[in-house]
There are 2 protein chains.
Amino acid sequence: MTVDLRHIAYFLAVAEEQNFTRAAERVGIQQPPLSRQIRDMEESIGAALFRRTRKGAELTEAGAAFREAVRHVPDQVAHAITEARRAARGEVGVLRLGYTTSAGFNPVVAQAIRSFRSQYPDVDLTLIEANTPQLMQGIHAGTYDLVFLRPGMAGGEALRERVLSEEQMLAVLPADHPAGIQGSVDLADLRDEPFILLSHAAGPILLDEIFQACRSAGFTPRIGQRVSQITSAINLVANGMGVSVVPASMRFLQVPGVAYLGITGHAPLARLAVAHRRGDSGPLVRNFLAGCA
Amino acid sequence: MTVDLRHIAYFLAVAEEQNFTRAAERVGIQQPPLSRQIRDMEESIGAALFRRTRKGAELTEAGAAFREAVRHVPDQVAHAITEARRAARGEVGVLRLGYTTSAGFNPVVAQAIRSFRSQYPDVDLTLIEANTPQLMQGIHAGTYDLVFLRPGMAGGEALRERVLSEEQMLAVLPADHPAGIQGSVDLADLRDEPFILLSHAAGPILLDEIFQACRSAGFTPRIGQRVSQITSAINLVANGMGVSVVPASMRFLQVPGVAYLGITGHAPLARLAVAHRRGDSGPLVRNFLAGCA
DNA sequence: GACTGTCATATGCAAAAGGTATGAAATTCG
DNA sequence: CGAATTTCATACCTTTTGCATATGACAGTC
């Protein structure tokens with residue numbers, strides 16, 4: 001294909017000016033080379049594009065057809081270049097963001113998403129809720145570009161994690177539970193209650209932290225019910241099926257009949273991290289991370 | 001250092017092969033120049049398009065955005081070239097064809113249009129009916145590309161006319177007219193009848209021919225009614241308002257109460273020509289003319 | 001540890017694009 | 001009527017740039 005973009009730009013200039021001399025001036029070359037370029041192009045197409053007259057040049061049928069078909073090509077290419085630049089700056093593209101249910105309640109996450117959205121409105125931000133192991137697998141597989149999860153899982157060498165928030169966990173009790181009267185509770189006081197907790201598969205990190213705290217308090221919690229969503233745990237507490245321990249952010253989920261209580265002594269911690277593949281710090285990821293204060 | 005079509009083709013090859021060496025082979029050059037072209041392009045865009053790995057090359061965000069935007073550009077240009085070639089062969093385009101009412105009844109015209117339509121189905125053939133002076137003006141002004149008209153008007157120097165048909169004119173009489181009994185009529189027998197003829201503005205050539213024939217027959221026709229459409233003249237004859245003289249092709253317009261009769265002696269002739277601008281014998285015009293047997 | 005496959009770098013040559021000078025033809029204007 | 005102007009085309013030369021060849025660096029593989 002011997003016709004290239006320069007030829008097309010020259011052609012369009014001549015078509016518009018209907019005059020080789022002015023067209024040459026417009027595209028910034030002299031008239032003779034322009035004439036030659038057009039002639040070469042006509043030769044390679046195998047048809048005259050212009051009818052040369054004493055007053056200038058007018059399009060032939062072939063030229064008119066060609067013009068219609070290539071009219072927007074230079075604009076398209078220019079647009080492609082600006083889009084590439086924007087993409088390089090992380091202003092456009094698709095960012096797939098995974099997060100756990102509990103992370104979704106953390107103001108840090110909501111804030112980061114809001115700030116990114118307002119700063120990069122043209123980025124297609126896809127939010128996917130999943131549990132920590134799923135996120136872990138997905139970020140490795142490339143299903144997600146960025147995930148909010150609980151740090152501490154194995155397999156983090158290929159990831160770069162940054163801890164964003166570290167909050168104490170709260171005990172979740174039925175509102176009428178006697179331990180709730182003084183506004184906080186000691187884990188040991190809950191030793192005989194059935195615990196409603198995430199399954200190991202759904203939330204290994206939080207679960208482990210809770211178990212360790214309980215062990216520090218001198219007991220091993222008795223599992224009343226395993227759930228796969230932390231919100232389910234809170235609902236089950238409301239139904240009187242037991243107690244639970246959740247990250248403090250979950251208190252924003254107000255459920256009637258449920259009280260969130262601070263844990264005295266060695267309270268379990270819920271760390272929240274944002275993670276991405278180590279090699280892949282594309283501009284979108286970089287920009288999003290910059291917005292995670 | 002601008003981005004041109006060659007660059008885009010190279011870029012797309014690398015994007016598809018994810019490998020510089022194979023991409024180079026595909027586009028028919030060696031790997032080092034390909035690498036350099038891509039690098040130049042990246043420099044001129046100001047963003048990396050590929051992430052070079054040990055195993056090949058993968059698109060960056062910018063590269064992916066660029067690819068989306070230029071994906072179809074080479075096809076568009078290739079298509080433009082084939083369209084230009086087709087247009088040069090007269091296979092596509094717009095052909096504006098003017099014709100007089102009376103020409104529309106001539107089988108030669110219908111046949112030419114039919115044959116052109118079947119041979120060049122992708123040409124947009126626009127048919128416009130008008131009278132001879134309008135056609136004459138329109139073809140000069142560029143409103144029409146090709147017209148069927150009665151030859152002999154002034155201003156034909158810039159036109160190339162080709163006579164397609166020469167037919168005798170017929171007398172149009174009311175069916176019960178005594179002169180119609182023997183199947184033909186002498187113009188002189190009509191000397192006392194009111195003639196219903198085209199106005200000079202609408203059909204100067206035919207009118208002149210009829211007047212000359214009448215003068216040869218020894219009289220000057222008395223104008224009963226001037227009309228601007230030859231079909232109107234025939235209708236008025238049917239209403240008993242007089243007689244008329246029309247090209248033989250008009251006999252295909254069968255109107256109750258009207259008889260078409262051959263004219264004995266020096267019958268006026270109706271010539272039909274196809275005309276186009278002398279300079280402008282574009283492929284469409286040329287192809288149409290070729291179909292006018 | 002040699003081999004293979006990846007992309008990058010260096011250098012020389014050839015093709016292509018652009019510049020300058022000039023020519024031919026027709027219109028415009030004094 | 002003829003000179004000036006304007007149009008595009010031609011000829012020749014210079015510069016740019018695209019491509020090939022040879023080679024290097026690096027990493028995964030047998």
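Here is how names work: the chains are called A, B, and so on, in the same order as the sequence lines, proteins then strands, and each is numbered from 1. Fair warning: this is a prediction, and the values are worked out from it, not measured in the lab.
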Candidate nucleotides [options], ranked by approach to the side chain of [X] - the nearest:
| X | options | result |
| --- | --- | --- |
| B:Arg22 | D:dA22, C:dT6, C:dG18 | C:dT6 |
| A:Gln30 | D:dC19, D:dA20, C:dG19 | C:dG19 |
| B:Arg54 | D:dA9, C:dC7, D:dA27 | D:dA27 |
| A:Gln31 | C:dC7, D:dT10, D:dA9 | D:dA9 |
| A:Pro33 | C:dT20, D:dA9, D:dT7 | C:dT20 |
| B:Pro32 | C:dT9, D:dA20, D:dT7 | C:dT9 |
| B:Ile29 | D:dC8, D:dG18, D:dC19 | D:dC19 |

Nearest 0.5 Å please: distance from the CD atom of A:Gln37 over to the CZ atom of A:Phe20.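 It is 11.5 Å, given to the nearest 0.5 Å.
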
Between B:Asn131 and B:Thr100, is there a side-chain donor-acceptor contact under 3.5 Å, judged purely by atom types and distance?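 No, no side-chain donor-acceptor contact under 3.5 Å.
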
For B:Asp4 and B:His7, which I'm curious about, is there any donor-acceptor pair between the side chains at under 3.5 Å?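 Yes, because at least one side-chain N or O of B:Asp4 sits under 3.5 Å from a partner of the opposite role on B:His7.
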
Rounded to the nearest angstrom, tell me the gap between atom [atom1] in [X] and atom [atom2] in [N].
| X | N | atom1 | atom2 | value |
| --- | --- | --- | --- | --- |
| B:Phe20 | D:dC19 | CZ | P | 14 Å |
| B:Met41 | D:dG18 | CE | P | 11 Å |
| B:Glu25 | C:dT6 | CD | P | 10 Å |
| B:Arg36 | C:dG12 | CZ | P | 14 Å |
| B:Leu34 | D:dG18 | CG | C1' | 12 Å |
| A:Ile38 | D:dA9 | CD1 | C1' | 14 Å |
| B:Asp4 | C:dA16 | CG | P | 14 Å |
| A:Asp40 | C:dA17 | CG | P | 7 Å |

Side chain to side chain contact (heavy atoms under 4.5 Å, CB included) between B:Arg96 and B:Leu146, intermediate numbers included: CA-CA 7 Å; B:Arg96 293 157 305 173; B:Leu146 208 58; over 6 Å; no

Kindly indicate whether the side chain of A:Gln37 and the base of C:dA17 share any N or O donor-acceptor pair separated by less than 3.5 Å?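 Absent.
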
5'-most contact on DNA chain C: A:Lys55 or A:Arg6, nearest heavy atom basis?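 The residue mapped nearer the 5' terminus is A:Arg6.
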
Indicate yes or no: at least one non-hydrogen side-chain atom of B:Leu198 is less than 4.5 angstrom from one of B:Ser228.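 The answer is no; the side chains never approach within 4.5 Å.
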
Considering only heavy atoms from C-beta outward, does the side chain of A:His276 approach that of A:Leu159 to under 4.5 Å?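 Not in contact.
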
By the 4.0 Å heavy-atom rule, please label B:Phe50 as base, sugar-phosphate, or nothing.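 Answer is nothing: B:Phe50 stays at 4.0 Å or more from every strand.
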
Between B:Glu42 and B:Arg52, does any NZ, NE, NH1 or NH2 come within less than 4.0 Å of an OD or OE carboxylate oxygen?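 B:Glu42 and B:Arg52: salt-bridged.
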
Between B:Arg26 and B:Glu16 (salt bridge meaning N to carboxylate O under 4.0 Å), is one present in this structure?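 The answer is yes: the pair qualifies as a salt bridge.
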
Can you check whether [X] has a side-chain N or O nearer than 4.0 Å to OP1 or OP2 of [N]?
| X | N | answer |
| --- | --- | --- |
| A:Thr21 | D:dC8 | yes |
| B:Ser35 | C:dC7 | no |
| A:Arg52 | D:dA9 | yes |

Might you list the N or O atoms of the protein lying below 3.5 Å from N or O atoms in nucleotides 1-5 of chain D, with each pair's distance?
none

